[in-house]
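Some notes on the structure that comes next.
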There are 2 protein chains.
Amino acid sequence: MRKQDSTNARNEASILRNCGMAYALNVIGGRWKPTILFSLLEGKMRYNELRKTIPGVSERMLVAQLRELEEHGLVRRNVFPEVPPRVEYELTELGHSTEPMLQCMSDWGNMHRKKEQVIAVQ
Amino acid sequence: MRKQDSTNARNEASILRNCGMAYALNVIGGRWKPTILFSLLEGKMRYNELRKTIPGVSERMLVAQLRELEEHGLVRRNVFPEVPPRVEYELTELGHSTEPMLQCMSDWGNMHRKKEQVIAVQ
DNA sequence: ACGCATACTTACCTTTTTGTTAGTACTTAA
DNA sequence: TTAAGTACTAACAAAAAGGTAAGTATGCGT
């Protein structure tokens with residue numbers, strides 16, 4: 001839970017209001033969101049599929065990050081009234097609109113990593 | 001200080017190895033780095049200038065994030081042997097190479113924020 | 001009656017990030 | 001001799017993020 005009156009929370013809020021990039025980081029940042037987003041760019045997936053696709057996520061974290069993505073309107077959660085239950089996650093239009101940004105970050109990250117490796121190897 | 005053997009640290013490390021985007025987030029993420037980077041895109045700045053330009057940063061945080069940016073090779077720190085001391089921070093070539101990515105994130109963030117406002121007003 | 005499968009939820013704990021406060025070194029100007 | 005300016009550093013505290021383990025609901029097959 002968040003403390004609304006901490007300096008920490010106030011600093012975050014004021015930056016989110018003033019800086020689009022910080023805002024973007026808030027929406028797509030976090031330990032597991034990049035991986036989730038890249039998975040969903042391939043197409044819709046069920047909860048357990050995601051869990052198997054993403055090595056290392058705990059259930060708590062996976063659910064939490066999916067919920068945040070949903071709150072921010074990037075992901076749609078479709079529940080089918082079946083037993084055993086079936087829940088599919090897919091990107092919304094807004095979710096798909098992040099693709100160029102994600103690609104940009106991914107490319108930059110990969111380039112930068114390669115540079116580091118080259119330096120390390122020399 | 002980091003615990004190298006925590007699950008937390010291991011998860012982070014393995015994601016950084018496999019996902020360029022997570023890697024990029026690691027380099028440009030954090031509460032104050034977006035603001036610092038945008039400030040330095042305008043040109044070199046002294047420590048106190050940065051501090052005055054960025055409302056709300058504590059000295060500890062400003063120094064910490066500048067050091068991380070330096071470690072990752074995005075920022076160069078120039079110390080002039082004068083009294084009172086003068087230290088100038090500027091982006092390296094690698095730092096400047098982040099500009100398209102930063103712009104992309106900033107644009108997406110601003111667009112997304114506007115959408116939320118429109119929804120809130122309706 | 002019992003276990004299985006799915007998609008979670010809950011309580012609790014550890015790790016990491018961020019913030020607060022006070023202090024350092026050096027020289028010049030009043 | 002004392003304060004001011006610059007660019008920090010260190011010790012400590014609070015908040016947020018992340019991880020662990022156990023439990024929930026439902027209906028089907030055996």
Side-chain angles (χ1 to χ4, degrees), chain A residues 1-16 22 25-36 44-70 75 77-89, chain B residues 1-16 22 25-36 44-70 75 77-89:
Chain A
M1 249 178 274
R2 301 214 123 206
K3 291 219 172 177
Q4 293 303 325
D5 59 345
S6 64
T7 305
N8 193 332
R10 274 197 308 276
N11 276 341
E12 190 182 8
S14 92
I15 284 182
L16 292 182
L25 282 175
N26 186 244
V27 173
I28 60 168
R31 170 78 41 88
W32 303 102
K33 279 184 200 156
T35 318
I36 294 174
K44 59 176 65 166
M45 290 183 96
R46 295 181 62 174
Y47 174 80
N48 263 356
E49 281 183 283
L50 279 168
R51 205 158 61 82
K52 282 166 200 159
T53 304
I54 302 171
V57 227
S58 66
E59 312 234 8
R60 193 176 102 67
M61 276 298 112
L62 181 54
V63 172
Q65 308 240 24
L66 283 169
R67 291 282 183 282
E68 281 182 38
L69 289 169
E70 204 190 343
V75 161
R77 179 169 172 267
N78 294 315
V79 183
F80 297 85
E82 304 172 0
V83 170
R86 181 156 64 103
V87 179
E88 283 178 357
Y89 291 92
Chain B
M1 250 178 272
R2 302 213 124 207
K3 290 219 171 176
Q4 293 303 325
D5 58 345
S6 65
T7 306
N8 194 333
R10 274 196 308 275
N11 275 342
E12 191 183 8
S14 92
I15 284 180
L16 292 183
L25 281 174
N26 186 244
V27 173
I28 60 168
R31 170 77 40 87
W32 304 103
K33 280 185 200 156
T35 318
I36 294 174
K44 58 178 66 166
M45 291 182 95
R46 294 181 64 172
Y47 174 80
N48 264 356
E49 280 183 284
L50 279 169
R51 204 157 62 82
K52 281 165 201 159
T53 303
I54 303 172
V57 227
S58 65
E59 311 235 6
R60 192 175 105 65
M61 275 298 111
L62 181 54
V63 172
Q65 307 239 28
L66 283 168
R67 290 284 183 281
E68 281 181 39
L69 289 169
E70 205 191 342
V75 161
R77 180 168 171 266
N78 293 316
V79 183
F80 297 84
E82 304 173 1
V83 169
R86 180 155 65 102
V87 179
E88 282 179 356
Y89 290 91

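The figures here come from the full heavy-atom set of this structure, side chains too, leaving out hydrogens, waters and symmetry mates. Just so it is clear: chains get the letters A, B, ... in the order the sequence lines come, proteins before strands, and each one is counted from 1.
- Residue contacts shown for A9(B) are limited to sugar-phosphate atoms, with no base heavy atom under 4.0 Å away.
- K44(B) meets the side chain to side chain contact (heavy atoms under 4.5 Å, CB included) test with E88(B), E90(B); sequence neighbours excluded.
- Rounded to a whole Å, the CG atom of N11(A) is 13 Å from the C1' atom of dA14(D).
- Residues passing the side-chain hydrogen bond (donor to acceptor under 3.5 Å, both in side chains) test with E49(B), sequence neighbours excluded: none.
- In this structure, the helix from dA1(C)-dT30(D) to dA30(C)-dT1(D) shows an angle of 30° between the axis at its start and the axis at its end, each fitted on 5 base pairs and rounded to 10°.
- The stretch residues 58-67 of chain A participates, sequence neighbours left out, in these salt bridge (Lys or Arg N to Asp or Glu O under 4.0 Å) pairs: R51(A)-E59(A).
- Remark: V87(A) pairs with R77(A), V79(A), Y89(A) by the side chain to side chain contact (heavy atoms under 4.5 Å, CB included) rule, at least two apart or across chains.
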Counting primed atoms, P, OP1 and OP2 as sugar-phosphate and everything else as base, the B/S/- map of nucleotides 2-14 of chain C against protein heavy atoms under 4.0 Å is ---BBSBSBB---

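- The distance between atom CE of M61(B) and atom C1' of dA11(D), rounded to the nearest whole Å, is 14 Å.
- Residues satisfying the side chain to side chain contact (heavy atoms under 4.5 Å, CB included) criterion with E68(B), sequence neighbours excluded, are K33(B).
- R31(A) is linked by a side-chain hydrogen bond (donor to acceptor under 3.5 Å, both in side chains) to N8(B), counting only residues two or more places apart in sequence or in another chain.
- The residue among E12(A) and S58(A) whose nearest nucleotide of DNA chain D is located toward the 5' end is E12(A).
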